[in-house]
Amino acid sequence: MNIFILEDDGSCKALIDWIKNLGDEVMHVKNIEDMAYYLEYEEGYKDYDKFVIDASLPAASVLHPDETEEEYNGALNGIDYMLENFPKLGIELHDGRVAVLTAFAGSIEGHLKSKQTACCFSIIDKNDNQLKNRLQEFLQS
């Protein structure tokens with residue numbers, strides 16, 4: 001299984017290492033610009049089986065292949081990038097393929113409502129005492 005992870009939080013290093021040690025192919029990037037590069041410019045990276053995306057990242061400016069530029073400055077900008085670009089890239093937004101990893105789980109539903117979007121992906125709370133179990137459930141789904 002190929003897993004794509006966008007996570008910038010250094011305190012999640014042990015969690016990323018744990019996922020890498022599961023024996024899967026793992027691409028780990030730490031910012032939206034790197035994620036956009038791999039998914040929009042490198043054809044092979046669109047074929048990952050699972051995507052684990054951090055909800056909140058440093059502000060980013062992305063130049064898309066069609067030469068449009070998009071700013072991702074919001075508090076839940078990882079979700080914003082995902083909602084705007086994954087469907088265009090052919091990455092299905094369903095709970096068996098995409099999970100959002102967040103310390104702000106309570107804010108996500110309101111954010112999605114403001115975007116007039118229903119939740120169509122898994123939400124994994126970084127503050128959950130069963131975090132590894134939740135990740136393993138997602139990866140095995």
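This one's a predicted model, so the numbers in the text were calculated from it and none came from an experiment.
- For the atom pair NE2 (H111) and NZ (K113), the distance works out to 13.5 Å, reported to the nearest 0.5 Å.
- M1 and Y48 end up in different hydrophobic clusters when Ile, Leu, Val, Met, Phe, Trp and Tyr side chains are linked at under 4.5 Å.
- From L101, atom CG reaches atom CG of L135 across 6.0 Å, with rounding to the nearest 0.5 Å.
- Nearest heavy atoms, F121 versus M82: CE2-CE, 3.5 Å.
- Between I91 and R97, the shortest heavy-atom distance links the atoms CA-NH1, 3.8 Å.
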Residues 6-15 side chain polar contacts: donor-acceptor under 3.5 Å, at least two apart:
{"from": "E7", "atom 1": "OE1", "to": "K126", "atom 2": "NZ", "distance (Å)": "3.3"}
{"from": "E7", "atom 1": "OE2", "to": "D9", "atom 2": "N", "distance (Å)": "2.9"}
{"from": "E7", "atom 1": "OE2", "to": "K126", "atom 2": "NZ", "distance (Å)": "3.1"}
{"from": "D9", "atom 1": "OD1", "to": "S11", "atom 2": "N", "distance (Å)": "2.9"}
{"from": "D9", "atom 1": "OD1", "to": "S11", "atom 2": "OG", "distance (Å)": "2.6"}
{"from": "D9", "atom 1": "OD2", "to": "S11", "atom 2": "OG", "distance (Å)": "3.0"}
{"from": "K13", "atom 1": "NZ", "to": "D17", "atom 2": "OD2", "distance (Å)": "2.8"}

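- Within 6.0 Å of the CD atom in E137, the count of heavy atoms belonging to other residues, nucleotides or ligands exceeds 12.
- If you check the side chains of H64 and E70, you find no donor sitting under 3.5 Å from an acceptor.
- Judged purely by atom type and a 3.5 angstrom limit, D49 uses its side chain to pair as donor or acceptor with the backbone of N2.
- Closest heavy-atom contact between L57 and G78: CD1-CA, 3.8 Å.
- Closest approach of A105 and I123 over heavy atoms only: CB-CG2, 4.2 Å.
- If you take CD1 on I124 and CD1 on I53, they are separated by 11.0 Å, rounding to the nearest 0.5 Å.
- The two atoms that bring S61 and E71 nearest to each other are OG-OE2, 2.9 Å, heavy atoms only.
- Put simply, CD on E84 and CG on N77 are 10.0 Å apart, with the number rounded to the nearest 0.5 Å.
- Note on F104: it does not cluster hydrophobically with V52, by side-chain heavy-atom contacts below 4.5 Å among ILVMFWY residues.
- Linking Ile, Leu, Val, Met, Phe, Trp and Tyr whenever their side-chain heavy atoms come within less than 4.5 Å puts I32 and Y37 in one cluster.
- The side-chain heavy atoms of I19 and H28, taken from C-beta on, include no pair separated by under 4.5 Å.
- Within 6.0 Å of CD in Q136 there are more than 12 heavy atoms belonging to other residues, nucleotides or ligands.
- One N or O on the side chain of N85 and one on the backbone of Y81 form a donor-acceptor pair closer than 3.5 Å.
- Put simply, CG on D125 and CD on Q130 are 12.0 Å apart, with the number rounded to the nearest 0.5 Å.
- Closest non-hydrogen pair, K132 versus W18, comes out as O-CH2, 3.5 Å.
- With K50 contributing its side chain and G96 its backbone, the two residues share a donor-acceptor pair below 3.5 Å.
- Contact of the T102 side chain with the S56 side chain is not registered, since no non-hydrogen atoms from C-beta on lie closer than 4.5 Å.
- L39 and I3 are not part of a single hydrophobic cluster, where members link through side-chain heavy atoms under 4.5 Å apart.
- Side-chain N or O atoms of T117 include one that pairs as donor or acceptor with a backbone N or O of K115 at under 3.5 Å.
- Taken together through direct or relayed side-chain contacts under 4.5 Å among Ile, Leu, Val, Met, Phe, Trp and Tyr, L112 and L76 form part of one hydrophobic cluster.
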